[in-house]
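Single-structure report; data block below.
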Amino acid sequence: MAYLCAVCGGRLERVDTTAVCTFCGHESAARYLCAAGHHICEDCQLAEWPQVVERVCEGSRETDPAAIANLIMKHPMSIMHSPQHHIMVAPVVLAAMHNSGQVPLKPGRLTSAIERTKGIPLGACGTRGECGAATSVGALVSILTGANFQKDRERSLALQATAETLLAIAEAGGPRCCKQSVYLALETASRFLKRELDIDLPVEPNCEFAARNDACKKERCKYYVN
Ligand SMILES: [Zn+2]
Ligand SMILES: [Zn+2]
C-alpha cells in the first residue's frame with residue numbers, strides 16, 4: 001500500500017535519514033519522505049490540535065498568513081470542517097506579522113490567542129450566527145490594541161473586526177465551508193489592520209482543498225480553482 005504525503009499528495013518513499021519537519025521546522029529522524037522532501041516529525045504527528053497550531057506558527061517563516069493556515073489545515077489530524085478552524089486565524093496572523101518583522105511574537109501570545117476562541121462549538125454559524133474564524137479576528141485586534149471590556153476605542157475595534165468578518169462570511173452565502181471562512185477572515189483582517197491600525201499584512205488565499213472537500217461550493221466560492 002502506498003502512503004501519500006499530507007502536504008503535497010505525492011507518494012512517500014521509505015528512507016532512513018534526518019530531515020526538517022515541514023510543520024514545525026525542526027530537524028528529526030525521517031522514515032518517509034515524498035519527492036519534494038516533505039516530512040512530519042513524531043512530535044508534530046502526535047500533537048493535540050491546539051499544539052499543532054502553535055507548532056506550525058512557531059516554526060513558520062512565512063509572511064502570508066494564508067500560507068501558514070494552509071499548512072496547518074494539511075496536518076494529518078486536520079478535519080475538513082470542524083471547530084479546529086475557530087482557533088487558527090489570530091495565531092497565523094500574529095506569526096506572519098512576526099515573520100515580516102512588524103510585531104514580535106511574545107511568549108504565551110499564541111496560547112492566549114487560541115484560548116480566546118476555544119470552545120465555540122461545531123456549526124455555531126448555523127445555530128447562533130457566530131463563526132469562530134470571525135471571532136478570532138476580533139481576538140486578534142483585541143490582542144494588538146490591548147482591548148478589554150473597560151476600554152473605549154479598542155473595545156469598539158475588536159467588536160467591529162468580528163462584525164465585519166461575520167458579514168463577509170454571511171455575504172459569501174451557501175452552506176458552511178471552514179476553508180472559505182478562514183480565508184475570508186484573513187482577508188478581512190488584512191483590510192482591517194491596514195485601515196484601522198496602519199499595519200501592512202498582504203494575504204493571498206490559495207485554496208488547495210477543493211479536490212478533497214466533498215462539500216466544496218465550487219463556482220459559488222471565490223477561492224475555487226478548477
Ligand atoms: Zn510532499
Ligand atoms: Zn515537527
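Quick note: residue numbers are just sequence positions, from 1. Since the model is a prediction, treat every value here as computed from it, not as a measurement. Both counts, for ligands and for their atoms, begin at 1 and track the order of listing.
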Does a donor on one side chain sit under 3.5 Å from an acceptor on the other, for [X] and [Y]?
{"X": "Tyr3", "Y": "Glu13", "value": "no"}
{"X": "Lys179", "Y": "His81", "value": "no"}
{"X": "Ser100", "Y": "Gln102", "value": "yes"}
{"X": "Asn213", "Y": "Tyr224", "value": "no"}

Legend entry - Contact check: His26 to the Zn ion (ligand 2), N/O/S below 2.8 Å: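 No - counting backbone and side chain alike, His26 has no N, O or S atom under 2.8 Å.
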Inset, instruction - Please work out the angle at the Zn ion (ligand 2) defined by atom SG of Cys44 on one side and atom SG of Cys24 on the other, rounded to 10°. - result: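 SG of Cys44, the Zn ion (ligand 2) and SG of Cys24 span an angle of about 110°.
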Inset, instruction - Starting from the C-alpha separation in whole Å, work towards a yes-or-no answer on ring-ring contact (aromatic ring centres under 6.0 Å, His included) for Phe23 and His75. - result: CA-CA 8 Å; Phe23 291 90; His75 187 277; 5.4 Å; yes
Legend entry - Asp16/Arg31 ion pair, N-O < 4.0 Å: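 No, this pair does not count.
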Inset, instruction - Count, excluding waters, the protein N, O or S atoms that are closer to the Zn ion (ligand 1) than 2.8 Å. - result: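 There are 4 of them.
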Legend entry - Where at least one partner belongs to residues 154-172, residue pairs that pass side-chain hydrogen bond (donor to acceptor under 3.5 Å, both in side chains), sequence neighbours excluded: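 The answer is Gln160-Glu164, Glu164-Arg195.
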